[in-house]
Amino acid sequence: MKHKPSTPTATEADVCALECFHPRTVTRVQAALATEAEQLAASAELFKMLGNPKRLMILRALREAELCVCDLAHLLGLSVAATSQQLRILRGQGWLRMRSAGKMVYYRWNDESPLPALNAAVRGMCVETADEPD
């Protein structure tokens, strides 16, 4: 009787066949992560903020025109309170500017938005190294 070679399951294919680790590489990477812990946490907050489609819609809409909260709520299909909550988050991150005109509150894109911070976060996560595992 011939034995067919067993096909690894999806879980087996995703893990090393031999359990080990590369101490020098792990130590070097741990040191790099420790020095960048604050930046990584800030990047995570930035990506979390941008991970909400409604917030992205707000940012895109405000690139077109200054809008009041009611206009944005109508565009998003959200309540004014829910829209205000999203606007507070975006404003807190530095993406938006707000102005009041009587009883109206208007938002606009902040020309000094944290796009450089976003670019830095992406660059920081995409640095390639030529080191091979030890």
Side-chain angles (χ1 to χ4, degrees):
M1 181 192 276
K2 259 185 169 177
H3 286 288
K4 288 185 183 179
S6 64
T7 306
T9 65
T11 303
E12 291 170 341
D14 293 346
V15 298
C16 296
L18 176 64
E19 191 172 325
C20 69
F21 79 101
H22 303 90
R24 287 186 297 177
T25 302
V26 170
T27 300
R28 180 179 49 78
V29 172
Q30 279 177 326
L33 291 175
T35 62
E36 297 173 7
E38 234 177 81
Q39 180 185 352
L40 290 170
S43 295
E45 283 301 311
L46 182 61
F47 288 123
K48 184 169 96 175
M49 188 273 306
L50 292 172
N52 180 304
K54 296 294 185 182
R55 289 187 206 127
L56 291 176
M57 289 173 71
I58 290 170
L59 290 174
R60 180 62 185 98
L62 294 175
R63 291 289 291 174
E64 291 295 319
E66 178 182 71
L67 297 165
C68 77
V69 177
C70 299
D71 291 335
L72 286 164
H74 183 77
L75 279 170
L76 300 171
L78 296 175
S79 69
V80 171
T83 302
S84 292
Q85 181 180 8
Q86 299 305 323
L87 290 165
R88 270 192 300 280
I89 292 167
L90 291 167
R91 191 168 141 232
Q93 289 282 326
W95 290 91
L96 306 178
R97 293 200 177 202
M98 180 188 89
R99 75 173 176 90
S100 295
K103 294 185 179 192
M104 302 297 292
V105 176
Y106 292 90
Y107 282 86
R108 70 181 183 277
W109 176 263
N110 181 3
D111 289 329
E112 298 170 14
S113 70
L115 284 177
L118 178 60
N119 290 335
V122 171
R123 269 195 314 278
M125 294 179 65
C126 297
V127 174
E128 292 184 31
T129 60
D131 295 335
E132 294 294 321
D134 303 350

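Separating the OG1 atom in Thr83 from the NE2 atom in His74 is a distance of 11.5 Å, to the nearest 0.5 Å. Between Ile89 atom CD1 and Lys48 atom NZ the span is 8.5 Å, to the nearest 0.5 Å. Here the CG atom belonging to Leu90 is positioned 9.0 Å from the CH2 atom belonging to Trp109, to the nearest 0.5 angstrom. The distance from atom CD of Gln93 to atom CG of Leu50, rounded to the nearest 0.5 Å, is 8.0 Å. Atom CG of residue Leu96 and atom CD1 of residue Ile58 lie 7.5 Å apart, to the nearest 0.5 angstrom.
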Query - Verdict with supporting geometry, Tyr107 and Leu67, side-chain contact (heavy atoms from CB on, under 4.5 Å) - result: CA-CA 6 Å; Tyr107 282 86; Leu67 297 165; over 6 Å; no
Requested in this report: Apply the test side-chain contact (heavy atoms from CB on, under 4.5 Å) to residues Trp95 and Met49: give CA-CA distance (whole Å), side-chain angles for both, the deciding distance (0.1 Å), then the verdict.
Outcome: CA-CA 11 Å; Trp95 290 91; Met49 188 273 306; 2.8 Å; yes
Query - Check against side-chain contact (heavy atoms from CB on, under 4.5 Å), Leu56 and Asn52 - result: CA-CA 7 Å; Leu56 291 176; Asn52 180 304; over 6 Å; no
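Between Arg99 and Glu66 there is a salt bridge, with a side-chain nitrogen of the basic residue lying less than 4.0 Å from a carboxylate oxygen of the acidic one.
Residues Met57 and Leu75 share a single hydrophobic cluster, defined by chaining ILVMFWY side chains whose heavy atoms lie under 4.5 Å apart. Taking hydrophobic clusters as Ile, Leu, Val, Met, Phe, Trp and Tyr residues chained together by side-chain heavy-atom distances below 4.5 Å, Tyr106 does not share a cluster with Leu59.
Using a distance-only test at 3.5 Å, with no hydrogens or angles considered, no donor-acceptor pair links the side chain of Thr27 to the main chain of Arg24. Judged by distance alone, with hydrogens and angles left aside, the side-chain atoms of Asn110 form a donor-acceptor pair with the main-chain N or O of Gly94 at under 3.5 Å. Proximity of a side-chain donor or acceptor of Lys54 to a complementary backbone N or O of Gln86 within less than 3.5 Å is not detected.
Between Arg91 and Met98, the closest heavy-atom pair is NH1-SD, 3.4 Å.
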